[in-house]
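Residue numbers start from 1 in every chain, and the chains themselves are labelled A, B, ... in the order their sequence lines are given, proteins ahead of strands.
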Amino acid sequence: MNFEIQLRLWYSENKRSLPWRKTKNPYNIWLSEVIMQQTRIAQGTKYYHHFISTYPTVKDLANAPLDAVLKSWEGLGYYSRARNLHLAANQIVTLFHGNFPKDYSTLLSIKGIGPYTAAAISSICFKEEIAVVDGNVYRVLSRIYGIETPINSSAGIKQFNQLAQKLIKGCPLPGDYNQAIMEYGALHCTPKNPKCNTCIFSSTCVAYNTNTVEKLPVKTKAKPVKDRFLSYLILFKDNKIAVEKRTHKDIWQGLFQFPLIETENGNATVLKGTKMAEPVKHLLSHQRLHITFWQIKHPEQLPKTTYHWVDVDMLQTLAFPIVLKRFIDANLLHL
DNA sequence: AAACCGGGGGC
DNA sequence: GCCCCAGGTTT
């Protein structure tokens, strides 16, 4: 029995019941795929439900204000996904009359839809024979075929895509196969402690038979994270609080924050204020943020004056980075 | 080709 | 502390 059929058979007996598996509506599938990019199912599922109920159609999403979409996305991370989601919804409404394109290459032209998501939508919703290559697929294929090419190198990306495309060729249900190989990676051929003793491919798996399962897939090291020191100014005037929107190309673009002073070493000695709460260390995948909060008594020393003054109650309707949302919930809601 | 972009969870 | 998670865009 060939690889593709074995996987689909396993999938039919072992797949999880996930909300987006109850439909082939491309809008639902698209939402689920974008939400789940670099995100665990357990974290993303509640966002999927929220988006489907808040924006039932692509037109609803397109017509919503970007700030509302970002608020819906609050806490999920990689906020460019939310900005692109909103952009894409408008693209689909204006360029395609609200109907999703059916083919891989047209899907690729939409903002935020890359090779993975285009393959997922076209195969699941429209039975196109395009293989998905996500983190699960890299892991499963690298082990079964014993491929040591780094998965985050150009050569590796090309090699795994070619292999995956060869394996899906002739598959009658490419959407099921794509989900099957990902599911196998998620449930069986896991990063740590894979279930090799009960694996349906153990007799032919190169990694298993050469005792290299734990070494695969190969991934070249990321560069070390950078430290950043952020001092947020908590400033009241007439019972309102100052906020600003992050607009530059940096982390958290489009989200709100309090007036910010960033320094090289954390010594924001220009501040004349009272430190609120203890310093917070907030970890991103590529940055280590050291955050302090200062209640400012004398606003005349502010670095600039283009802030928005909002009621404290208003804070809950704006999208903040999760570390600031936590500060708000803990310190500002009961004033 | 490499850098950049979040937050959470497993081990 | 390190790695990974239904990746994509920009430089």
Between which nucleotides of DNA chain C, 5' to 3', does chain A make heavy-atom contacts below 4.0 Å?
C:dC3 to C:dT11

When rounded to the nearest Å, what value does the distance between P atoms of B:dC4 and C:dA6 take?
25 Å

Determine the Euclidean distance between corresponding P atoms of B:dG6 and C:dT10; express it in Å to zero decimal places.
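To the nearest whole Å, 14 Å.
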
Distance check needed: [N] [atom2] versus [X] [atom1], whole Å only.
| X | N | atom1 | atom2 | result |
| --- | --- | --- | --- | --- |
| A:His248 | B:dC4 | NE2 | P | 15 Å |
| A:Lys249 | B:dG6 | NZ | P | 12 Å |
| A:Leu283 | B:dG7 | CG | C1' | 10 Å |
| A:Gln287 | B:dG7 | CD | P | 11 Å |
| A:Leu76 | B:dG8 | CG | P | 10 Å |
| A:Trp73 | B:dG6 | CH2 | C1' | 11 Å |
| A:Gln37 | B:dG7 | CD | P | 16 Å |
| A:Tyr47 | B:dG8 | OH | C1' | 10 Å |

Toward the 5' end of DNA chain C, which comes first, A:Tyr78 or A:Arg40, by nearest nucleotide?
A:Arg40

Want to settle it: does A:Lys281 or A:Glu33 sit nearer the 5' end of DNA chain C, counting the closest nucleotide to each?
A:Lys281

Taking the side chain from [X] and the backbone from [Y], do they hold a donor-acceptor pair closer than 3.5 Å?
| X | Y | answer |
| --- | --- | --- |
| A:Arg288 | A:Leu283 | no |
| A:Asp311 | A:Met314 | no |
| A:Lys71 | A:Gln316 | yes |
| A:Ser32 | A:Ile29 | yes |

Atom pair CD/OG of A:Gln179 and A:Ser123 - distance to nearest 0.5 Å
7.5 Å

Hey, does [X] reach any base, or is it just sugar-phosphate, or nothing, if we go heavy atoms under 4.0 Å?
| X | result |
| --- | --- |
| A:Gly44 | nothing |
| A:Ile41 | sugar-phosphate |
| A:Arg16 | nothing |
| A:Gln179 | base |
| A:Ser80 | nothing |
| A:Asn178 | nothing |
| A:Ser32 | nothing |
| A:Lys226 | nothing |

Need to verify one output field. Residue with the more 5' nearest nucleotide on DNA chain B, A:Pro321 or A:Ala155?
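Mapping each residue to its closest nucleotide by heavy atoms, the 5'-most match is A:Ala155.
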
Considering heavy-atom distances to DNA chain B, does A:Asn193 or A:Val323 have its closest nucleotide positioned more toward the 5' end?
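With A:Asn193 and A:Val323 compared, the 5'-side residue is A:Val323.
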
Would you please name every residue forming a ring pair (Phe, Tyr, Trp, His ring centres under 6.0 Å) with A:Tyr78, sequence neighbours left out?
none

In terms of side-chain geometry, is the basic nitrogen of A:Asp67 or A:Lys245 positioned less than 4.0 Å from the acidic oxygen of its partner?
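Looking at A:Lys245 together with A:Asp67, the answer is yes, because their closest N to O distance falls below 4.0 Å.
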
For [X] and [Y], I'd like to know if the aromatic rings sit close, meaning centre-to-centre distance below 6.0 Å.
| X | Y | value |
| --- | --- | --- |
| A:Phe320 | A:Trp252 | no |
| A:Phe293 | A:Phe327 | yes |
| A:Phe3 | A:Phe201 | yes |

Pull out every stem in DNA chain B, meaning runs of 3 or more consecutive Watson-Crick or G-U wobble pairs with both distances under 3.5 Å.
B:1-5 with C:7-11, B:7-11 with C:1-5

Determine: side-chain N/O of [X] to OP1/OP2 of [N], distance under 4.0 Å, yes or no.
| X | N | result |
| --- | --- | --- |
| A:His286 | B:dC4 | no |
| A:His282 | B:dG6 | no |
| A:Gln43 | B:dG9 | no |
| A:Arg326 | B:dG8 | yes |

Checking ring pair (Phe, Tyr, Trp, His ring centres under 6.0 Å) between A:Trp73 and each of A:Tyr48, A:Tyr55, A:Phe51, which is the one that passes?
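It is A:Phe51, the one option of A:Tyr48, A:Tyr55, A:Phe51 that forms the ring pair (Phe, Tyr, Trp, His ring centres under 6.0 Å) with A:Trp73.
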
